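In what follows, a structure is listed as structure tokens, so that the remarks can point back to it.
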Amino acid sequence: MTSAGQRWAWRIATLTLALAAIVALVSGPYRQYFASTVAGSRADDRPEPCLPGEARPLLDSPHISQAQAQSVRYNSDPPTSGPHFAFVVAPGIYSDEIADGLAVHALEHGHVVIQYSPDTPPDTVDGLRVVAQRYAADVILAPRAHLRGIALTAWGRIDLLPTYDEARVVAFVNALRGRYNHGWAHASRC
Amino acid sequence: MATSTDDLTAAAARLIVARDDGECVVGRPDRGIYVDVPAAGAAFVEALQAGATLHEATARASEIAGEPVDGEDFVAALTDAGLLDPAGATGPDGPAAPVRGRPIRWIEGVSPRAAQLMFGRTAWLCYGAAALLAAGLLIAYPSVRPTFEHLFFLDDPILSILVYLPVSLVLSATHEAWHWLAGRAIGVPATFRVSHRGIFLVFETDLTQIVAVPRRRRYGPFFAGMAFDVCVLATALLLRVLYQHSVITLPPALYRLLGAVALGQFVAIIWQWFAVFLRSDVYAALANALRCQNLYRVTWLTVKDRLWPLTTAQQEELAGAAPRDRVVARWFGLVYMAGVGGMCWTFLTFAVPSMISTGTWLAGNLSTHSAASAAFWEAVAVAVCLAVFWGGPAVSAWRERRLRRAGAPR
């Protein structure tokens with residue numbers, strides 16, 4: 001059995017480690033992670049004109065409910081940042097429209113969202129599917145009501161295509177996938 | 001305490017005797033009680049099982065021990081340990097043991113010969129190949145590495161959870177079925193139950209009767225669940241890689257579901273290795289390799305003794321534990337404490353933020369939408385899922401505590 005002196009030594013050591021963990025939690029990277037998980041990420045705008053598409057100012061991006069989503073106004077259509085759901089959507093090909101609250105969260109994870117008008121010709125959709133399958137870990141492909149043409153979006157960035165241009169789509173995906181993940185993932189590329 | 005020869009023979013028939021490299025264990029499977037005994041004690045019980053009188057069994061034990069032994073005293077010790085019933089206290093089958101799980105009758109119908117096909121040398125080579133394939137795919141193809149977002153594989157996150165829930169239950173149950181089958185392959189019956197590990201709700205298979213087989217034969221049942229997991233993981237990853245490279249065509253929803261399955265199996269396998277302090281499958285294999293009898297309990301008592309005084313009963317329990325368990329528990333206690341710390345860290349860094357953000361979503365939907373809307377009922381469904389996921393372990397802990405107080409074996 002443990003003596004009283006040994007027991008106090010064990011208690012002090014355990015308490016010290018527990019306190020160290022708590023200090024790490026409240027002062028280390030976890031603090032930012034916690035804030036971004038609970039309240040959404042924050043980052044400075046990074047226009048970077050050398051990249052494909054156009055930059056859009058970053059909006060505050062808190063987590064919201066479906067009820068709150070009905071009153072959200074984004075600064076682009078489709079949105080490139082802003083309030084979103086706590087849930088996300090996995091990369092892949094979808095046959096139904098993706099809610100903005102999910103799509104924006106996917107953008108926040110560094111994914112590229114490709115959306116197309118419901119009246120897009122089937123061969124164009126097939127072409128987009130081939131690209132989405134090639135970049136299956138990075139791209140979400142879905143139709144979007146009231147959209148004309150094809151919209152490519154990444155965090156803080158958008159490119160609207162009146163017609164399908166595979167090279168432009170691929171360039172957008174290659175340049176912008178993984179650029180942001182609750183914060184800028186790399187130094188400026190321009 | 002049983003006294004007549006017939007009584008003793010009938011009582012001893014409920015016991016099993018296991019020997020392995022000089023270690024002897026006498027157990028009562030219906031109560032889940034297993035006790036280390038000297039070789040003479042094992043011989044004594046075997047003699048009773050063979051129909052010997054108390055005098056004859058004592059003579060046999062004395063012969064093995066090389067000195068006179070007190071047979072009546074040993075019978076009293078077995079009774080005190082719960083292996084034999086006190087005289088007059090029992091019906092023909094002894095007192096009912098507290099129910100710890102629900103036996104699965106149909107598994108008894110699987111013959112050991114059929115089960116052995118799944119756990120022969122060829123089968124284990126296949127399981128090993130699946131493990132290598134899964135590891136290779138995860139290393140070579142970062143695009144298929146599981147992330148938590150793969151759980152949300154449908155355009156409706158709530159539907160994703162509700163659809164994946166039964167899938168994960170089937171996979172968990174099959175993991176346990178593989179333990180059953182592997183136990184069956186070496187002639188060990190098993191019991192299935194729902195339980196908890198710390199803050200996590202789990203299925204588990206009670207393989208306590210495995211002490212009746214030599215230690216080297218126990219690894220199959222211990223690793224069988226992970227063998228199944230790794231096969232599913234390798235299959236899901238391979239299909240996703242082939243799809244990404246346009247080698248095969250899959251419905252997009254199936255491709256995404258495979259991502260959720262890969263995530264679930266990956267987490268399940270990682271859990272088994274990192275939850276060694278919570279009686280995971282790897283713990284069972286480790287305790288077996290370290291030749292321990294009840295490492296988890298002795299470790300818990302050792303850790304408590306280091307931080308807080310034990311009760312008199314706990315002091316006696318620790319003092320009476322197998323010497324090997326006490327030696328291993330000295331360092332395994334550190335693993336246990338590190339594991340508990342890691343579990344708390346996981347709770348604070350993953351569970352708390354998730355619960356806050358999900359709680360915000362729930363509160364917004366429940367307070368704004370009417371009960372006639374789909375959004376309201378989606379929020380209710382999420383609340384129920386969260387209650388089961390986080391409340392289940394608490395309920396399970398309470399239930400097991402209640403059973404322990406009622407006298408159920410640990």
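Letters go in sequence order (proteins before strands), and every chain restarts at 1. The shown structure was predicted, so the numbers you read here are calculated from the model rather than taken from an experiment.
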In terms of heavy-atom proximity below 4.5 Å to chain A, should B/Leu348 be classed as side chain, backbone, both, or neither?
both

Atom group of B/Tyr255 that falls short of 4.5 Å from chain A, counting heavy atoms:
side chain

Check whether any side-chain heavy atom of A/Arg7 lies under 4.5 Å from a side-chain heavy atom of B/Asp305, and answer yes or no.
yes

Please determine, among A/Ala103, A/Ala99, A/Ala136, the option with the most heavy-atom pairs under 4.5 Å with chain B.
A/Ala136

In terms of relative ring orientation, are A/His84 and A/Trp155 parallel, tilted or perpendicular, with 30° and 60° separating the classes?
perpendicular

Counting only non-hydrogen atoms closer than 4.5 Å, does B/Pro309 touch chain A with its backbone (N, CA, C, O), its side chain (CB onward), both, or neither?
both

Non-hydrogen atoms of chain A under 4.5 Å away: do they reach the side chain of B/Glu378, the backbone, both or neither?
side chain

Where on A/Pro62 is there a heavy atom nearer than 4.5 Å to chain B: the side chain, the backbone, both, or neither?
neither

Would you say A/Tyr135 and A/Asn174 are linked by a side-chain donor-acceptor pair, where the criterion is simply a distance under 3.5 Å?
yes

Given the options B/Thr368, B/Leu307, B/Ile356, which has more heavy-atom pairs under 4.5 Å with chain A than any of the others?
B/Leu307

Name the region of B/Leu301, side chain, backbone, both or neither, that has any atom closer than 4.5 Å to a heavy atom of chain A.
neither

What part of B/Leu151 gets within 4.5 angstrom of chain A, counting heavy atoms only: side chain, backbone, both, or neither?
neither

Steps toward salt bridge (Lys or Arg N to Asp or Glu O under 4.0 Å) verdict (B/Arg297, B/Glu317)
CA-CA 10 Å; B/Arg297 179 65 182 168; B/Glu317 185 181 357; 2.9 Å; yes

Using the benzene-type ring in the case of Trp, are the ring centres of B/His150 and B/Tyr164 under 6.0 Å apart?
no

Can you tell me which portion of B/Leu334 sits under 4.5 Å from chain A's heavy atoms? Options are side chain, backbone, both or neither.
side chain

Is the shortest distance from a Lys or Arg side-chain nitrogen in A/Arg168 or A/Glu166 to a carboxylate oxygen in the other one below 4.0 Å?
no

Going by atom types alone, do A/Ser61 and A/Glu108 pair a side-chain donor with an acceptor below 3.5 Å?
no

Full working for salt bridge (Lys or Arg N to Asp or Glu O under 4.0 Å) between A/Asp100 and A/Arg144
CA-CA 10 Å; A/Asp100 284 345; A/Arg144 182 179 179 83; 2.7 Å; yes

Heavy-atom proximity to chain B below 4.5 Å, by part of A/Leu102:
side chain

Name the region of A/His109, side chain, backbone, both or neither, that has any atom closer than 4.5 Å to a heavy atom of chain B.
side chain

When the 4.5 angstrom heavy-atom criterion is applied to B/Arg256 and chain A, the contacting part is side chain

Are B/Phe277 and B/Met337 packed together at the side-chain level, in the sense that at least one heavy-atom pair is separated by less than 4.5 angstrom?
no

